[in-house]
Amino acid sequence: MNTRPVIETPNEHAALSVTFNDDASRFVVGLDSGFCIFLSNSCQIQTARVFNAGLGLVQMMGNANYLALVGGGRSPKFPQNKAIIWDDSKGKIGLEIATLTAVRGVQISKSRIAVVLQNSVRVYAFHKPPTPLARYETADNLLGLCCLTEKYLVFPGRTAGQVQVVQLATDSVSIIPAHSSSLRALQLSSNGELLATASEKGTIIRIFSTSSCAKLAERRRGSEFANIYSLRFSPSGNMLACTSDKGSLHIFDVPNSRKGGSANPSPQTGGGSTNSNTEGSNKWGILRNIPFGPFSDVYSFTSTPFELGEEPLLPSPARQLGDTPVLGTSRPMKGVIGWVDESTLIVVGAGQDARWEKFVLKEGEEGRSVVVREGWKKYLGN
C-alpha cells in the first residue's frame, strides 16, 4: 500500500498570496500565473491578469489602479530582489525598485512606497523614478511586517519584540517595547491612530496609541501558544479581529476615545447588548480576582471556527538570494481578515484549497453579540 503523502504538483493552480485593500472592499490574490481581484462582499471576480508566471505578493493601493508586485512561486514573474509597481489602467509596469536582497513585503500609499527586506525597511517617494527617502534597520523580518498610511509607517524595531513608529510629517521615530519575543503580526486602524501587535507566542494582543505610543489595552487570545495569522480593526476602530493556526476567529472590544472614553466598552452591532464585554472579562468567574495569570485577562467577546483548508504537503521551499525562501513556496497564508462594514467580516486563505468565508455579528442569547458564518466558497477556478 502506498502511504506516502500527496505533494504539490506543478500542474495544480495555487493562490500564493492574498491581501485586502485599505477599506477591505476588495481582495487581491497572487497566483502562479498572475493575479485576480475579487469583490470582498460577494467573492465575485472583478479583474484577472495572466502573466504565465508566479506572483508571491500582490498589494493594492486603496481603490486605485496601482498594485505592488513581487515575483514568487516555482516560476517567478520577477526577480526576488525587485518590487514592481504595476499600473493596471495601462497594463504595464509603472515603477521598478531593485534591492540587493530579497523583498519580503511592499506597502504603498499615494505618496510613498515602503519596501521591506529581511533586516531593513526602505522608503521611496511615489514618482518616476522612485526617489529614496529613508532607510530603517530592523530585527529579522522574514514575514515582511509593515504598515503604511499617509501619516504613519510602522514596522519591527532593531530588537525582537519592539515596534518602530515613524511620523511621516516629521520623520520622528518612536520605539514601543511591545513584546518580549519576536513579532508575528502588526496592524493599524483605518485612521492610523491605533496599533495592534502580537508576538510569536500568540497568547496576548496589545493595542497602542500611535500618537503617544501608550499601551491602551491588552487582550488574551488564549493560554496556549499559537501562530497569529491576521489582525484587523473594524472600520470604526471599536473592535479587533484575530485569526490563528488554532482555527478560530476571535473578536475583541477596543478602548477608543471616540466612544466617549470608556475604558472597556462593548461593541454595538445589530442591537448588541453591553453584556458582551462583561462575558469576556468574567470568563473565569471568581478566579479573575487572582492578580497574575490568565484569570484576570480580558478575552474575546465572541469567537467561531474558520476553515484552515486541506492543503497537500508542500515540497521544501525554493530558496534564492542568501538562502531566503522564495515568496509563495512555503506554507500558504490562511485566515486573512477584512472588515466589509462594522458587522461583516471576510476571512480568506491562500494555497490550493483557497477559501473565502463571510461572517456577520448578530445579537444572540441574552442580547450578547455573537459571530456566525453566513457563507463560504472555494474561489480558485470560479
Side-chain angles (χ1 to χ4, degrees), residues 22-23 107 109-112 114 116 121 123 133-139 141 145-221 228 230-242 251-268 277 280-281 296-301 337 339 342:
D22 293 342
D23 63 5
Q107 296 289 324
S109 69
K110 294 179 181 179
S111 58
R112 290 173 175 83
V116 185
V121 174
V123 183
L133 298 177
R135 171 180 171 171
Y136 304 96
E137 303 299 321
T138 71
N141 186 17
L145 300 179
C146 182
C147 298
L148 175 66
T149 68
E150 291 297 332
K151 191 174 180 181
Y152 293 104
L153 174 67
V154 177
F155 49 87
R158 295 184 179 183
T159 302
Q162 292 187 348
V163 180
Q164 298 186 62
V165 179
V166 181
Q167 293 197 31
L168 296 174
T170 61
D171 290 328
S172 63
V173 181
S174 300
I175 305 296
I176 298 177
H179 300 271
S180 58
S181 56
S182 298
L183 296 169
R184 176 74 189 189
L186 292 173
Q187 185 62 50
L188 289 172
S189 59
S190 58
N191 64 0
E193 296 301 322
L194 298 173
L195 167 68
T197 67
S199 75
E200 61 186 3
K201 293 181 179 179
T203 54
I204 294 292
I205 298 166
R206 295 192 170 104
I207 301 168
F208 300 88
S209 163
T210 47
S211 58
S212 67
C213 295
K215 185 174 76 172
L216 301 178
E218 189 169 284
R219 298 291 182 257
R220 179 170 285 275
R221 182 211 54 80
I228 300 298
S230 182
L231 296 172
R232 188 91 179 204
F233 287 97
S234 65
S236 68
N238 293 350
M239 290 174 283
L240 176 69
C242 165
I251 304 179
F252 305 86
D253 71 273
V254 175
N256 192 330
S257 59
R258 288 180 295 173
K259 295 187 292 185
S262 173
N264 289 300
S266 62
Q268 298 297 316
N277 182 63
S281 298
S296 60
D297 292 331
V298 178
Y299 286 73
S300 58
F301 67 82
I337 304 168
W339 288 81
E342 200 65 12

Quiz item: Is a donor on one side and an acceptor on the other found under 3.5 Å between the side chain of Glu218 and the backbone of Ile204?
Solution: no
Quiz item: For the residue pair Thr138 and Pro156, what are the closest heavy atoms and their distance?
Solution: CG2-O, 3.4 Å
Quiz item: Can you tell me how far the CZ atom of Arg184 sits from the NE2 atom of His179, to the nearest 0.5 Å?
Solution: 13.0 Å
Quiz item: Taking all atoms of both residues into account, what is the closest heavy-atom pair of Trp339 and Pro235, and its distance?
Solution: CB-CD, 3.7 Å
Quiz prompt | Donor-acceptor contact present, side-chain Arg219 to main-chain Ser300, <3.5 Å | solution = no
Quiz item: Can you check whether Tyr152 reaches Leu195 side chain to side chain, under 4.5 Å on heavy atoms?
Solution: no
Quiz prompt | Least distance between heavy atoms, Gln187 atom then Phe233 atom | solution = O-CE1, 3.4 Å
Quiz item: Is there a side-chain contact between Arg220 and Thr203 (heavy atoms, below 4.5 Å)?
Solution: yes
Practice problem: Hey, could you give me the CD1/SG distance between Ile337 and Cys242, rounded to the nearest 0.5 Å? | Solution: 6.5 Å
Quiz prompt | Note, Cys147 side chain near Gln107 side chain (heavy atom, < 4.5 Å) | solution = no
Quiz prompt | Within-4.5 Å side-chain heavy-atom neighbours: Ile175 and Gln164 | solution = yes
Practice problem: Can you see which heavy atom on Ala160 is nearest to which on Ala139, and at what distance? | Solution: N-CB, 4.2 Å
Quiz item: After noting the C-alpha distance and the side-chain angles of Leu168 and Leu148, does the key distance pass the side chain to side chain contact (heavy atoms under 4.5 Å, CB included) rule?
Solution: CA-CA 10 Å; Leu168 296 174; Leu148 175 66; 3.9 Å; yes
Quiz item: Nearest heavy-atom pair of Leu183 and Gly161: which atoms, and what distance?
Solution: CD2-O, 3.9 Å
Quiz item: Taking Arg221 for the side chain and Gly202 for the main chain, is one N or O donor matched with an acceptor at less than 3.5 Å?
Solution: yes
Quiz item: Could you state the interatomic distance from CD1 (Ile251) to CZ (Arg232), rounded to the nearest 0.5 Å?
Solution: 13.5 Å
Quiz item: Would you say Lys151 and Glu193 make side-chain contact, with heavy atoms under 4.5 Å?
Solution: yes
Quiz item: Among Leu194, Thr210, Leu231, whose side chain to side chain contact (heavy atoms under 4.5 Å, CB included) with Leu188 holds?
Solution: Thr210
Quiz item: With a 4.5 Å limit on heavy-atom distance, are the side chains of Val254 and Asn238 in contact?
Solution: no
Quiz prompt | Contacts of Val116 that satisfy side chain to side chain contact (heavy atoms under 4.5 Å, CB included) - sequence neighbours left out | solution = Val121, Asn141, Cys146
Self-check item: Shortest non-hydrogen contact between Glu150 and Ser111, atoms and distance
Solution: OE1-OG, 3.0 Å
Quiz item: Would you say Leu145 and Phe155 make side-chain contact, with heavy atoms under 4.5 Å?
Solution: no
Quiz item: Given the rule in the side chain to side chain contact (heavy atoms under 4.5 Å, CB included) test, do Ile207 and Phe252 qualify, once you have shown the distances and angles that lead to the verdict?
Solution: CA-CA 11 Å; Ile207 301 168; Phe252 305 86; over 6 Å; no
Self-check item: Distance-only side-chain donor-acceptor flag, Ser172 / Gln167, under 3.5 Å
Solution: no
Exercise. Ignoring hydrogens and angles, tell me if any N or O in the side chain of Ser234 forms a donor-acceptor pair with the backbone of Glu342 under 3.5 Å.
Key: no
